[in-house]
Amino acid sequence: MEFTAKQIAGFINGTVEGNEDAAISTFAKIEEGRPGAISFLSNPKYTHYVYETKSSIVLIDEAITLDSEKPVTTTLIRVKNAYESVAKLLQIYDSMKPKKTGIDPLASIAESAQIGKDVYVGAFACIGEGAKIGDGVQIYPHAVIGEGVSIGGKSTIYPNVTIYQGCRIGNNVTIHAGSVIGADGFGFAPNTEGYDKIPQIGIVVIEDDVEIGANTCVDRSTMGQTIIRKGVKLDNLIQVAHNCEIGENTVMSAQAGLAGSTKVGAWCMVGGQAGFAGHIHVADKTFVGAQCGVIKDTKGNGESLIGSPAMDPKVFFKAKAIYAKLPDMYRQLAQMQREIEELKKQK
């Protein structure tokens with residue numbers, strides 16, 4: 001399906017500079033542009049590509065100034081934020097792709113399971129007793145939906161996802177391949193001969209509009225619920241332990257890990273490989289840098305943390321500057337010790 005520059009500008013409240021009838025049918029990075037594609041420019045360091053790109057249309061931030069002496073052959077659409085605008089266009093493009101429907105004959109569905117309208121269940125997917133699958137849900141091959149699981153409308157469960165018994169998944173949730181929802185939390189009590197397993201009898205609750213990346217694990221609670229609130233976005237390879245709670249619209253990058261009973265507030269941003277100790281509370285709108293180690297409650301009010309253990313960035317960089325000088329400081333200290341010893345011998 002093709003769209004013209006004029007149509008696209010109408011979708012995103014942009015201003016066309018060039019041919020309003022320029023048409024596109026696909027997307028491309030600006031440095032890899034080709035005829036019939038739309039690209040975007042939001043980072044000024046890529047500005048030089050706009051003069052040479054082969055893309056038919058380029059979305060460009062209003063704040064970016066171009067060299068009037070260099071010709072631009074592509075059609076430009078000026079917008080306040082090109083990155084946000086291309087995201088909206090990609091959402092429109094994705095929503096127009098036809099959705100799969102129908103039950104593959106090789107799928108296994110329990111007789112007591114309730115299946116909504118316009119549902120797709122792929123080959124070798126398994127849906128357990130008493131499961132409830134909402135309208136428009138997509139369940140791809142080899143996914144396992146356990147007994148008593150409920151999945152809200154328009155959710156997508158990609159291949160090899162496993163959702164254990166009793167867990168509740170909201171509407172418009174996406175869970176990517178290989179993720180495990182509701183496996184036992186890591187609960188063991190030491191005894192004289194080893195460890196006694198503590199049964200994990202709770203569930204996982206995932207609210208609406210959540211997206212969970214590939215091979216991410218969200219453990220069921222010992223009792224009660226492990227909760228992923230509305231709008232949360234989790235990257236690949238994240239571990240969420242038993243009885244944790246992640247607040248609305250929080251985002252986490254790959255390989256972050258939460259120990260048991262950690263509570264993360266709303267609108268937090270968590271960098272890759274960040275780790276959280278158990279039984280702590282991370283306040284709303286906290287920024288946690290990559291590889292940060294959070295071991296105690298945070299203050300909130302938009303606090304930023306980096307380093308391990310986590311600290312204020314200003315303190316971290318001051319300490320880092322001193323750390324780089326430690327070898328010289330050690331040599332100076334050793335020299336001072338030798339001089340003191342020599343002075344003691346002279347007495």
Side-chain angles (χ1 to χ4, degrees), residues 94-95 99-101 103-104 107-110 112-122 124-185 200-252 258 264 266:
D94 187 63
S95 68
K99 298 290 185 182
K100 291 178 176 288
T101 58
I103 311 297
D104 192 285
S108 175
I109 301 176
S112 60
Q114 300 177 28
I115 308 298
K117 299 176 183 178
D118 301 321
V119 168
Y120 164 67
V121 182
F124 304 107
C126 180
I127 300 176
E129 297 285 351
K132 297 179 180 179
I133 311 300
D135 295 345
V137 170
Q138 308 265 293
I139 299 175
Y140 281 77
H142 295 279
V144 177
I145 311 302
E147 296 179 5
V149 168
S150 64
I151 301 177
K154 297 184 179 180
S155 291
T156 301
I157 311 299
Y158 279 107
N160 296 303
V161 168
T162 300
I163 304 176
Y164 280 57
Q165 69 276 7
C167 294
R168 302 205 302 265
I169 312 300
N171 300 302
N172 195 36
V173 170
T174 299
I175 304 177
H176 287 278
S179 291
V180 178
I181 309 301
D184 281 0
Q200 308 291 291
I201 63 173
I203 62 171
V204 172
V205 174
I206 297 175
E207 296 185 346
D208 298 347
D209 303 319
V210 169
E211 182 154 349
I212 294 178
N215 294 310
T216 283
C217 295
V218 183
D219 291 349
R220 70 194 311 110
S221 55
T222 308
M223 291 176 280
Q225 302 171 347
T226 300
I227 305 176
I228 311 297
R229 295 291 184 191
K230 182 178 179 180
V232 167
K233 313 299 180 189
L234 302 182
D235 200 357
N236 304 330
L237 297 165
I238 286 175
Q239 164 65 21
V240 180
H242 59 94
N243 293 94
C244 286
E245 180 176 339
I246 301 178
E248 289 189 8
N249 298 307
T250 283
V251 293
M252 291 189 179
L258 280 67
V264 177

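Between the side chain of Thr222 and the main chain of Gly202, no donor-acceptor pair closer than 3.5 Å is present. No donor-acceptor pair closer than 3.5 Å links the side chain of Thr101 to the backbone N or O of Val119. Gln138 places a side-chain N or O within donor-acceptor distance of the main-chain N or O of Lys100, the cut-off being under 3.5 Å. Without hydrogens or angle criteria, Ser112 side chain to Gly130 main chain gives a donor-acceptor distance under 3.5 Å.
Within the 4.5 Å cutoff, no side-chain heavy atoms of Asn215 are placed close to those of Asn236. Residues Tyr158 and Thr174 are in side-chain contact: their nearest non-hydrogen atoms beyond the backbone lie under 4.5 Å apart. Using a 4.5 Å heavy-atom threshold, the side chains of Ile228 and Val173 count as separate. Considering only heavy atoms from C-beta on, Arg220 comes within 4.5 Å of Asp184 through its side chain. In this structure, Glu245 and Gln225 have side chains that are not in contact, with every pair of non-hydrogen atoms separated by 4.5 Å or more. In this structure, the side chains of Val204 and Val240 stay at 4.5 Å or more apart for every pair of heavy atoms. Contact of the Leu258 side chain with the Ile246 side chain is registered, since non-hydrogen atoms from C-beta on lie closer than 4.5 Å.
Note that CD1 of Ile206 and CD1 of Ile169 are 3.5 Å apart. Values are rounded to the nearest 0.5 Å. A distance of 10.5 Å separates CZ of Arg168 from NZ of Lys132, quoted to the nearest 0.5 Å. In this structure, CD1 in Ile157 is found 8.0 Å from CD1 in Ile133, a value given to the nearest 0.5 Å. Atoms CZ and CD, on Arg229 and Glu207 in that order, are 4.5 Å from each other to the nearest 0.5 Å. Atom CG of residue Asp219 and atom CG of residue Asn243 lie 10.0 Å apart, to the nearest 0.5 angstrom.
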Chi angles and distances behind the side chain to side chain contact (heavy atoms under 4.5 Å, CB included) call for Phe124, Asp104: CA-CA 8 Å; Phe124 304 107; Asp104 192 285; over 6 Å; no
Verdict with reasoning, Ile127 to Ile115, per side chain to side chain contact (heavy atoms under 4.5 Å, CB included): CA-CA 10 Å; Ile127 300 176; Ile115 308 298; 4.0 Å; yes
Evaluate the criterion side chain to side chain contact (heavy atoms under 4.5 Å, CB included) for residue pair Asp118 and Asp135; output intermediate values, then yes/no. CA-CA 6 Å; Asp118 301 321; Asp135 295 345; 6.0 Å; no
Quick one, Asp209 with Asn172, criterion side chain to side chain donor-acceptor pair (under 3.5 Å). Give me CA distance, side-chain angles, the key distance, then yes/no. CA-CA 5 Å; Asp209 303 319; Asn172 195 36; 2.9 Å; yes
Applying side chain to side chain contact (heavy atoms under 4.5 Å, CB included), run through Ile151 and Ile163 and close with a yes or a no. CA-CA 10 Å; Ile151 301 177; Ile163 304 176; 4.2 Å; yes
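Across Gly224 and Ser221, no two heavy atoms sit closer than the pair O-OG, 2.6 Å. Residue Gly213 comes nearest to Ser179 through the heavy atom pair O-OG, 2.6 Å, listed as atom of the first residue, atom of the second, then distance. The two atoms that bring Val218 and Thr226 nearest to each other are CG1-CG2, 3.8 Å, heavy atoms only. The two residues Val161 and His176 make their nearest non-hydrogen contact at CG2-O, 3.1 Å. The two atoms that bring Gln239 and Cys217 nearest to each other are OE1-CB, 3.5 Å, heavy atoms only. When every heavy atom of Ile238 is checked against every heavy atom of Met252, the shortest pair comes out as CD1-O, 3.4 Å.
Ionic pairing of Glu248 and Lys230 is not present here: no N-O contact between side-chain nitrogen and carboxylate oxygen is shorter than 4.0 angstrom.
Counting heavy atoms of neighbouring residues, nucleotides and ligands inside a 6.0 Å radius, atom NZ of Lys154 does not exceed 12 of them.
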